[in-house]
Amino acid sequence: MATTQTTDKRRNLQVVSDFLVRVKARTSPIPSLEEDNFRMREGFQRFSVDLVEDASPGKSFLEAPAEPPERMDYFASSLQRTQLVGHFYADGQEVPIHYVIVSSIVLERKARVFHAWSHAIKKEYILAPLRFLPDAQELMRDFTGDMPVVLADSGGQELNYTQLRIAAVNRARELKWETRQALVKKWNAEIGVDPNALMILNDSLLHDHNDELSPNIVGFVRMVYVPFVNKEKLANHLVLPEFQRGQVFKIVDPEHPGNTKYSWFLKLRHVSQAGPEYGLMRLEILASSDEDAKRKADDFSYLMVRERFPVTFPAPEWDKLIFPHKLCDQYLNSLVPSSDTIQAFFMRV
């Protein structure tokens with residue numbers, strides 16, 4: 001099995017190498033991922049905040065007066081890896097070419113044992129800005145179809161090397177969302193009909209349309225900074241005590257008024273020597289009303305506090321990473337070559 005996967009990975013990298021030769025590109029691989037080089041926040045600045053509660057409830061969710069009807073049995077995560085592998089010249093300017101891997105998985109927990117609920121979706125792409133590619137239509141014909149790695153347009157309208165790299169990361173993010181949405185759609189149809197079955201999605205829901213989601217999908221967001229228009233309304237979330245949640249608020253998209261989400265911050269754990277963001281995360285949900293959102297905020301906060309064990313140390317951001325999502329990430333990373341392997345391959349071609 002491992003030998004087959006290694007052979008497939010080499011074959012896929014060879015497709016990318018053939019493309020570089022075809023467009024007379026220079027190989028220029030780097031070991032880092034573009035997601036680490038460019039922290040993307042585009043697309044979030046248009047959102048605004050409306051408070052549902054004036055303040056935090058001020059109580060611990062380590063315990064609950066009654067067991068909630070919902071169950072956290074499904075956990076989803078996605079992988080996006082955008083790696084610069086080469087560049088060619090257009091009008092005397094460098095144009096980047098990227099190798100992209102996106103994938104998504106849903107794990108089910110049954111009797112404290114995890115297994116893949118459905119096969120992981122994994123897709124691989126060569127990302128390049130088609131408007132600057134010579135013979136773009138011919139290349140699209142030759143590097144699509146049943147190829148293990150297919151050519152896709154990275155977008156970008158400006159002949160600027162850095163801006164084209166940023167455009168590639170944004171396009172890769174959209175491709176990742178497509179794999180995630182395919183699994184979400186399948187889960188909605190088969191499992192989501194049970195209103196008490198929860199899927200905890202290791203990402204934000206803000207760029208998903210509400211009609212593509214269901215009320216039992218919960219977005220788990222580890223990024224504390226919220227680049228919203230009126231983010232100053234949420235200034236007090238950094239002082240939340242351990243096991244407490246912040247005030248519930250609406251996140252409104254003025255471009256799509258029907259896609260309002262509800263959200264709140266939750267402090268999973270605390271140590272006195274750590275900064276204010278330690279153990280702090282945010283949940284996003286759909287709700288039928290403000291009252292429904294507040295009820296779910298209480299119940300889901302209690303259920304999420306229970307997920308703090310087993311701890312995921314020493315994983316990156318382990319203080320706000322729950323164990324099921326760590327398993328998801330390990331599963332997805334096992335399907336793809338490392339960034340060092342990719343760099344080494346293109347250094348020798």
Side-chain angles (χ1 to χ4, degrees), residues 1-40 77-90 93-105 120-130 132-133 139 142-144 147-156 159-176 179 314-317 326 328-349:
M1 181 66 176
T3 303
T4 302
Q5 289 184 349
T6 301
T7 301
D8 289 343
K9 292 173 184 176
R10 288 175 180 168
R11 179 169 63 105
N12 295 3
L13 293 175
Q14 187 60 51
V15 172
V16 183
S17 178
D18 293 344
F19 178 85
L20 295 176
V21 172
R22 178 79 171 269
V23 299
K24 298 180 173 60
R26 294 187 179 185
T27 56
S28 51
I30 58 176
S32 60
L33 300 177
E34 299 288 62
E35 288 79 14
D36 297 328
N37 297 326
F38 304 101
R39 292 294 183 179
M40 297 295 102
S77 192
S78 299
L79 175 147
Q80 171 191 339
R81 293 177 47 177
T82 312
Q83 193 159 355
L84 182 68
V85 292
H87 68 278
F88 66 95
Y89 291 92
Q93 300 293 320
E94 294 92 344
V95 177
I97 299 174
H98 291 86
Y99 171 48
V100 171
I101 306 173
V102 293
S103 59
S104 294
I105 185 67
I121 296 178
K122 180 171 74 76
K123 295 187 178 182
E124 302 182 31
Y125 299 89
I126 302 163
L127 279 192
L130 295 186
F132 302 120
L133 270 179
L139 288 167
D142 294 343
F143 286 88
T144 53
M147 299 283 282
V149 186
V150 298
L151 175 62
D153 187 9
S154 61
L159 193 54
N160 177 286
Y161 185 69
T162 300
Q163 292 302 315
L164 290 172
R165 289 174 68 182
I166 293 173
V169 181
N170 285 331
R171 178 60 180 140
R173 184 172 61 183
E174 293 173 355
L175 294 169
K176 177 191 72 173
T179 66
E317 293 188 315
K326 179 184 178 182
C328 289
D329 294 343
Q330 288 177 334
Y331 188 104
L332 293 176
N333 279 311
S334 72
L335 302 178
V336 301
S338 68
S339 56
D340 290 336
T341 297
I342 295 171
Q343 184 195 27
F345 180 90
F346 289 103
M347 286 292 288
R348 62 178 179 80
V349 297

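The analysis underlying the following values was restricted to heavy atoms, covering all of them including side chains, and did not include hydrogens, waters or symmetry mates. All values derive from a computational prediction rather than experimental measurement.
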At what distance, to the nearest 0.5 angstrom, does CG of Leu127 lie from CG of Leu164?
11.5 Å

Mind checking the CD-OG spacing from Gln330 to Ser77? Nearest 0.5 Å is all I need.
11.0 Å

Verify side chain to side chain contact (heavy atoms under 4.5 Å, CB included) between Leu13 and Tyr99, making sure each step is shown before the conclusion.
CA-CA 9 Å; Leu13 293 175; Tyr99 171 48; 3.4 Å; yes

Given side chains that start at C-beta, do those of Tyr125 and Val102 come closer than 4.5 Å, heavy atoms only?
yes

Candidate pair Leu20 and Phe346, rule side chain to side chain contact (heavy atoms under 4.5 Å, CB included), full reasoning:
CA-CA 10 Å; Leu20 295 176; Phe346 289 103; 3.9 Å; yes

Is there a donor-acceptor contact under 3.5 Å from the side chain of Ser339 to the main chain of Pro31?
yes

Residues, nucleotides or ligands: over 12 heavy atoms within 6.0 Å of Lys326 NZ:
yes

Point-to-point distance, once rounded to the nearest 0.5 Å, from CG of Leu133 to CZ of Phe88
4.0 Å

Verify, without hydrogens or angle tests, whether Gln80 (side chain) and Leu175 (backbone) share a donor-acceptor contact under 3.5 angstrom.
no

Between Asn12 and Pro148, the two heavy atoms sitting closest are OD1-CB, 3.1 Å

Looking at every non-hydrogen atom in both residues, tell me the closest pair between Pro96 and His87 and how far apart they are.
CA-CB, 4.2 Å

Where do Glu94 and Tyr89 land on the side chain to side chain contact (heavy atoms under 4.5 Å, CB included) test, with the steps shown first?
CA-CA 5 Å; Glu94 294 92 344; Tyr89 291 92; 3.6 Å; yes

I need the Ile342 CD1 to Ile101 CD1 distance, nearest 0.5 Å.
4.5 Å

Where is the tightest heavy-atom contact between Gly156 and Phe132, given as atom of each residue plus distance?
O-CE1, 3.9 Å

Main-chain N/O of Pro129 paired with Arg171 side-chain donor or acceptor, under 3.5 Å:
no

Euclidean distance, Leu84 CG relative to Ile97 CD1, rounded to 0.5 Å
9.0 Å

Leu332 and Ala120 have their tightest heavy-atom pair at CD2-CB, 4.4 Å

Asp18-Gln14 side chain donor-acceptor pair, cut-off 3.5 Å
yes

Identify the heavy atoms of Leu151 and Thr144 that sit nearest to each other, and give their distance.
O-CG2, 4.1 Å

Value rounded to 0.5 Å, distance of CD in Gln163 from CZ in Phe38:
8.5 Å

Glu34 and Asn37: side-chain hydrogen bond (donor to acceptor under 3.5 Å, both in side chains), yes or no, with the steps?
CA-CA 5 Å; Glu34 299 288 62; Asn37 297 326; 2.9 Å; yes

His98 and Thr82: side-chain hydrogen bond (donor to acceptor under 3.5 Å, both in side chains), yes or no, with the steps?
CA-CA 6 Å; His98 291 86; Thr82 312; over 6 Å; no

Taking Pro29's backbone N and O only, do any of them form a donor-acceptor pair with Gln83's side chain (distance below 3.5 Å, no angle check)?
no

Between Leu79 and Leu335, is a side chain to side chain contact (heavy atoms under 4.5 Å, CB included) present by the stated rule, with each step listed?
CA-CA 10 Å; Leu79 175 147; Leu335 302 178; over 6 Å; no

Does Arg22 CZ have over 12 foreign heavy atoms under 6.0 Å away?
yes

Is the backbone of Asn160 close enough, under 3.5 Å, to the side chain of Gln93 for a donor and an acceptor to pair up by distance?
no

